[in-house]
Structure formats: structure tokens, C-alpha cells
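Down below is the structure, laid out as C-alpha cells.
In what follows, chains carry the letters A, B, and so on, assigned in the order in which the sequence lines appear, proteins first and then strands, with residues in each chain numbered from 1. All heavy atoms count here, side chains included; hydrogens, waters and symmetry mates do not.
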2 protein chains.
Amino acid sequence: MALCDGLRGAALAALHDIGRRRRLSAGQAFGWSGDPASHCANLVSGVLKVSRVEADGGVQIVGLLYPGDFVGMLFAERSVDTIAALSDADLCVYPRVALEALLVRHPAAGRLLLRRTMATLGEVRRWMPMLARARAEARIAALLVDMARRGEVARDEAFHLPLSRAAMAEALGLAVETVSRHMTAFQQDGLIALSGLRGVRLLDPVRLAQIAG
Amino acid sequence: MALCDGLRGAALAALHDIGRRRRLSAGQAFGWSGDPASHCANLVSGVLKVSRVEADGGVQIVGLLYPGDFVGMLFAERSVDTIAALSDADLCVYPRVALEALLVRHPAAGRLLLRRTMATLGEVRRWMPMLARARAEARIAALLVDMARRGEVARDEAFHLPLSRAAMAEALGLAVETVSRHMTAFQQDGLIALSGLRGVRLLDPVRLAQIAG
DNA sequence: CCGCCGCCTTGACCATCGACAAAGCCCGGT
DNA sequence: ACCGGGCTTTGTCGATGGTCAAGGCGGCGG
């Protein structure tokens with residue numbers, strides 16, 4: 001989508017030439033930290049997580065990818081990130097070197113990718129104040145609002161959380177227990193309704209957004 | 001440097017055509033959050049900070065720019081970040097629209113910028129685990145090591161901190177007092193030597209890197 | 001339908017860090 | 001050399017969130 005949508009004619013055809021469809025099932029990895037970064041991809045459906053493992057063994061999720069997002073890093077010989085599917089997912093996979101070569105022949109593809117990468121950089125920076133300064137309550141509220149937005153959930157509609165409590169904790173830099181406690185508190189305060197382990201509905205998105213800051 | 005170094009011939013000439021030299025003195029802003037994002041630049045000398053102001057009034061530094069770094073965001077009508085000089089700085093300033101147009105005529109410039117933006121994204125993500133999970137001690141050690149590295153400081157050489165204690169706190173998501181306390185502790189433990197308010201020397205960079213994790 | 005495993009919740013305790021307050025020091029201007 | 005303002009340091013206290021520990025529950029497979 002990201003690449004495909006914005007391109008026409010020869011560039012699009014060339015992209016299809018080097019691309020290959022791949023389906024990931026929930027939990028399956030697309031690439032591991034330290035592997036040669038041989039492939040990039042375009043996420044067609046599903047949700048992926050991009051995470052880094054620290055020296056102390058802790059895991060930090062540094063990005064969540066939704067349909068249309070670009071997967072992987074260009075111009076890097078080795079991958080620093082581990083990428084895995086949070087739900088079943090469909091990808092268009094491209095050999096990294098072939099994609100880099102394509103950018104030379106089809107500059108429009110390069111500009112599109114530059115535009116998206118700039119946007120991604122802005123998104124990541126949007127999370128930095130959250131992770132660095134915000135209280136647990138605000139981080140969790142922000143994540144809920146963000147997941148609803150990026151999952152294109154209609155207002156007041158229940159949706160399926162792509163992240164387990166443990167994954168939410170990894171994304172927000174919190175302990176699992178802290179996430180659980182605040183989720184329970186949100187429910188008791190009538191801000192959200194939980195159904196089963198993964199189902200959630202934002203009862204008061206406005207107030208949640210306020211709490212998120 | 002970033003752009004200039006990697007380009008040749010016509011592209012380089014075109015870049016010089018639309019560029020203009022500008023000098024910022026320490027503390028001076030290059031652009032404010034909310035302003036129309038009319039200009040980008042290439043940092044020639046000095047250090048800049050990229051920061052965001054939160055709803056609660058708190059400030060988070062989301063990036064530090066060193067010579068050679070690209071300044072600003074392409075494809076955004078309005079700037080979300082406030083950019084200011086931490087030291088006297090020299091820039092090559094380009095009108096944003098003209099630079100975007102140049103990328104169409106000179107694809108090599110676009111690829112170079114894409115490569116650097118990808119690298120920047122990786123750098124920013126490298127800080128996320130730090131900000132989200134690491135203790136104050138580790139964050140400060142990491143910042144010291146990083147400043148020495150990016151400032152191209154020779155091993156065991158004293159250097160001038162580009163950041164005040166307050167700016168360090170803003171970059172790390174800590175209170176000024178916490179930064180001060182740990183800096184003092186590092187000094188007492190023989191890890192660093194402080195001279196004046198801004199002078200510092202890393203006496204045990206290896207151990208500092210270990211503390212950083 | 002039942003049982004089990006893994007995820008989630010809840011509780012108690014404690015370390016770390018932020019807030020507030022006050023004192024000290026560096027540095028530039030006079 | 002003196003002085004003043006701002007930055008920095010130091011102290012105290014309380015709250016937030018991590019850790020450890022135990023218990024509950026949902027969902028899947030048999």
C-alpha cells in the first residue's frame with residue numbers, strides 16, 4: 001500500500017517484479033536482531049512489533065507497524081531490530097538490495113519512501129516524551145487511544161487489542177503489573193470496558209486523551 | 001556536509017544555488033513549534049537541540065544535532081519541533097519547497113537524504129529503551145558517552161558539555177536535581193572529572209558504558 | 001465437559017526519583 | 001575587585017512504580 005498506492009506504471013511493475021507475498025502467523029518473527037538485513041517489506045494486513053533487546057535482558061518495543069507501513073531498514077547490512085507479528089499478517093517482501101537498486105531506476109519510489117520515513121521519524125519522536133516523562137497512567141491511556149486510531153476503530157466500537165499485557169508493558173517501558181493495575185482502574189472509572197483478555201472498548205475517549213496529555 | 005559531501009557535479013551546484021549561509025549564536029532558535037516549516041538546513045558546525053513542549057508545559061529534547069546532520073523535516077507544512085542552538089552554530093539553510101523540488105531533479109540527493117533519515121530513525125530508536133526503562137544513572141552515563149562520541153572527543157580528553165544540567169534533564173526525562181546528584185556521584189566515584197560548570201573529562205569511559213548498559 | 005497451562009490480577013513492600021526549599025558557586029558586567 | 005543573577009548543588013520528604021509472591025481465570029485441547 002505505502003509503496004504500491006503512490007506509484008504508477010513502470011515503477012509499480014518493477015516493484016511487483018521483485019516482490020513476493022508472505023504470510024506470517026501470530027507470534028512468528030520476520031527478522032531477528034543481528035541477522036543480515038536481507039529483506040524489507042510492505043505490511044498489507046495485520047500488526048507487527050519492532051523490538052530491541054537490551055544488555056540487561058529487558059525488551060523494548062520501539063515501533064508498532066500497521067497495514068501500509070514499511071517494514072525493515074534500508075542501507076543497513078545487519079538488522080538491529082527483531083520484528084515479529086502480533087497477529088496473523090500479510091506482507092509484500094522485497095530483497096533489500098533489489099529494492100535499493102530499484103530506487104535508483106525509479107526515483108519516485110525513493111521520494112515516497114523518504115516521505116514515509118520522515119513521517120515515521122516524527123511518530124517515533126512523538127512517543128519520546130511519553131516514554132521519558134509521562135506517568136504510567138498517561139502512557140497506557142496514550143497507547144489505548146493510539147491503538148484505536150491506528151486500528152481504524154470507529155468511535156465507541158469494541159476492538160481486539162493487538163498487544164498482550166506483557167507486550168503493552170514492553171512498549172511502554174512499564175512492568176506488567178503496572179499495566180494491569182491501571183487497566184483495571186480505567187475500567188472501574190468507567191473509561192474503558194474490557195471483555196475477555198483482549199477485547200476493549202473506549203467508553204470515554206476524550207477523557208482518555210486528556211489523561212494521555 | 002551530509003548533503004554536500006555525498007554529491008557531485010550538477011546536484012551539488014544546484015544545492016549551492018538554493019542554499020544560504022546562516023550563523024546562529026548560542027540559545028538562538030532556528031524554528032518554533034507551530035511555525036510554517038519553511039526552511040531546512042544542513043548543520044555545518046555547532047550543536048542544536050530539537051525539542052517538543054508537552055501539554056503540561058514540560059519540555060522533551062527529542063534529538064541533538066551535530067555537524068553534518070540534516071535540520072528540519074521535509075514534506076511537513078508546519079513544524080512540530082522547536083529547534084535551537086546549544087552553541088554558536090553555522091548552517092546551510094535551504095527553502096523547504098526548493099529542496100523538495102531539487103530532489104525531483106537530482107534523485108541522488110534524495111537517496112542520500114533517505115539513507116541519512118533511516119540512520120536517524122535508528123538512532124532515535126536506540127534512545128527509546130534508555131528513556132523508557134533505564135534508571136537515571138544509566139541514562140546520564142549513556143548521554144555522557146554519546147556526547148563524547150558525537151563531539152569526536154579523543155579518549156581521556158576533557159571537553160565542553162554542549163548541554164546545561166537543565167538541558168541534560170530535558171533530554172533524559174529527568175529532574176535537574178537528579179542529573180546534578182548523579183553527576184556528583186560519578187565524580188566522587190572517579191568516573192568523571194568536572195571543571196567549571198561545563199567542562200568534563202571521562203576518566204573511565206569503559207565503566208561508564210557498562211553503567212549505560 | 002473437564003482440566004491444565006499461561007496470562008492476568010491483586011497484594012505488600014521498598015527503592016528510586018520528583019517536588020520543594022535553601023544555600024553555594026561560577027561568571028560576566030560594572 | 002566587587003557584586004548580582006542564574007545555574008548548580010545539597011537536603012528532606014512523599015509518591016510512583018518495580019519486585020516478589022500468590023491466587024484467579026480464560027481458553028484451548030483432550
Side-chain angles (χ1 to χ4, degrees), chain A residues 25-27 54 56-60 86-88 129-144 158 160-189 192-200 211 213, chain B residues 25-27 54 56-60 86-88 129-144 158 160-189 192-200 211 213:
Chain A
S25 42
E54 293 297 284
D56 64 2
V59 177
Q60 175 69 37
L86 290 169
S87 62
D88 291 349
M130 215 72 239
L131 297 176
R133 304 181 51 251
R135 316 177 0 144
E137 188 185 35
R139 301 190 203 189
I140 295 166
L143 182 60
L144 287 171
H160 187 83
L161 289 174
L163 280 69
S164 66
R165 298 290 185 275
M168 290 177 66
E170 285 175 1
L172 299 174
L174 299 171
V176 179
E177 296 91 327
T178 304
V179 174
S180 181
R181 268 187 256 274
H182 285 281
M183 290 290 283
T184 303
F186 283 160
Q187 187 177 33
Q188 285 171 353
D189 294 351
I192 63 176
L194 296 171
S195 54
L197 290 177
R198 293 297 189 91
V200 69
I211 292 174
Chain B
S25 42
E54 294 296 285
D56 64 3
V59 177
Q60 175 69 38
L86 290 169
S87 62
D88 291 349
M130 214 71 238
L131 297 176
R133 303 180 52 252
R135 316 170 9 132
E137 188 185 35
R139 299 190 203 187
I140 295 165
L143 182 60
L144 287 171
H160 189 83
L161 289 174
L163 280 70
S164 67
R165 298 288 185 274
M168 290 176 65
E170 285 175 0
L172 300 175
L174 299 171
V176 180
E177 297 91 326
T178 304
V179 173
S180 180
R181 269 186 255 275
H182 285 282
M183 290 290 282
T184 304
F186 283 160
Q187 186 177 33
Q188 286 172 349
D189 294 351
I192 63 176
L194 296 171
S195 55
L197 290 177
R198 293 297 189 93
V200 69
I211 292 173

Let me know the distance between CZ of B:Arg198 and P of C:dC25, rounded to the nearest Å.
-> 20 Å
Using whole Å, report how far CG of A:Leu197 lies from C1' of D:dC28.
-> 12 Å
To the nearest 0.5 Å, tell me how far A:Arg135 CZ sits from A:Ile140 CD1.
-> 10.5 Å
Can you find a side chain N or O atom of A:Thr178 that sits less than 4.0 Å from OP1 or OP2 on D:dG17?
-> no
Show the numbers, then the answer: is there a side-chain contact (heavy atoms from CB on, under 4.5 Å) between A:Gln60 and A:Leu131?
-> CA-CA 11 Å; A:Gln60 175 69 37; A:Leu131 297 176; 4.2 Å; yes
Do the side-chain N or O atoms of B:Arg165 get closer than 4.0 angstrom to the phosphate oxygens (OP1, OP2) of D:dC7?
-> no
How close or far is atom C1' of C:dC17 from atom CD1 of B:Ile140, stated in whole angstroms?
-> 11 Å
Rounded to the Å, how far apart are A:His160 NE2 and D:dG26 C1'?
-> 13 Å
When rounded to whole Å, the CG to P distance for the pair A:Leu194 and C:dT10 reads 10 Å
Quick one: does A:Glu177 reach the base of C:dC8 with a side-chain donor-acceptor pair under 3.5 Å?
-> no
State which of C:dC17, D:dT16, C:dC8 makes the closest approach to the side chain of A:Ser164.
-> C:dC8
A:Ala136 or B:Leu163: which one's nearest nucleotide on DNA chain D is closer to the 5' end?
-> B:Leu163
Where the side chain of B:Ala175 is defined as all heavy atoms beyond and including C-beta, which of C:dG18, D:dG18, C:dC8 is the nearest nucleotide?
-> C:dG18
Judged by atom type as modelled, is there a donor-acceptor pair below 3.5 Å linking the side chain of B:Asp88 to the main-chain atoms of B:Ala26?
-> yes
Nearest heavy-atom neighbours spanning A:Ser195 and A:Val200 = OG-N, 4.4 Å
A:Leu144/A:Leu161 under side-chain contact (heavy atoms from CB on, under 4.5 Å): CA gap, chis, key distance, verdict | CA-CA 9 Å; A:Leu144 287 171; A:Leu161 289 174; 4.1 Å; yes
Just to confirm, is there a sub-4.0 Å distance from OP1 or OP2 of D:dT16 to any side-chain nitrogen or oxygen of A:His182?
-> no
Contact class for B:Gly173 vs. all strands (heavy atom < 4.0 Å): base, sugar-phosphate, or nothing?
-> sugar-phosphate
With DNA chain D as reference, determine whether B:Gln188 or A:Leu174 sits nearer its 5' end, using the nearest nucleotide of each.
-> B:Gln188
Per the atom types in the model, does the base of D:dT16 pair as donor or acceptor with the side chain of A:Arg139 at under 3.5 Å?
-> no
Integer-rounded Å distance: D:dT9 C1' and B:Met168 CE = 14 Å
Given D:dT16, D:dT10, C:dT9, which nucleotide is nearest the side-chain atoms of B:Arg181?
-> D:dT10
Between B:Thr184 and D:dT8, does any side-chain N or O lie under 4.0 Å from OP1 or OP2?
-> no
Rounded interatomic separation in angstrom, taking CE from A:Met183 and C1' from C:dC7 | 13 Å
Just how far, in rounded Å, is C1' of C:dG18 from CD of B:Glu137?
-> 18 Å
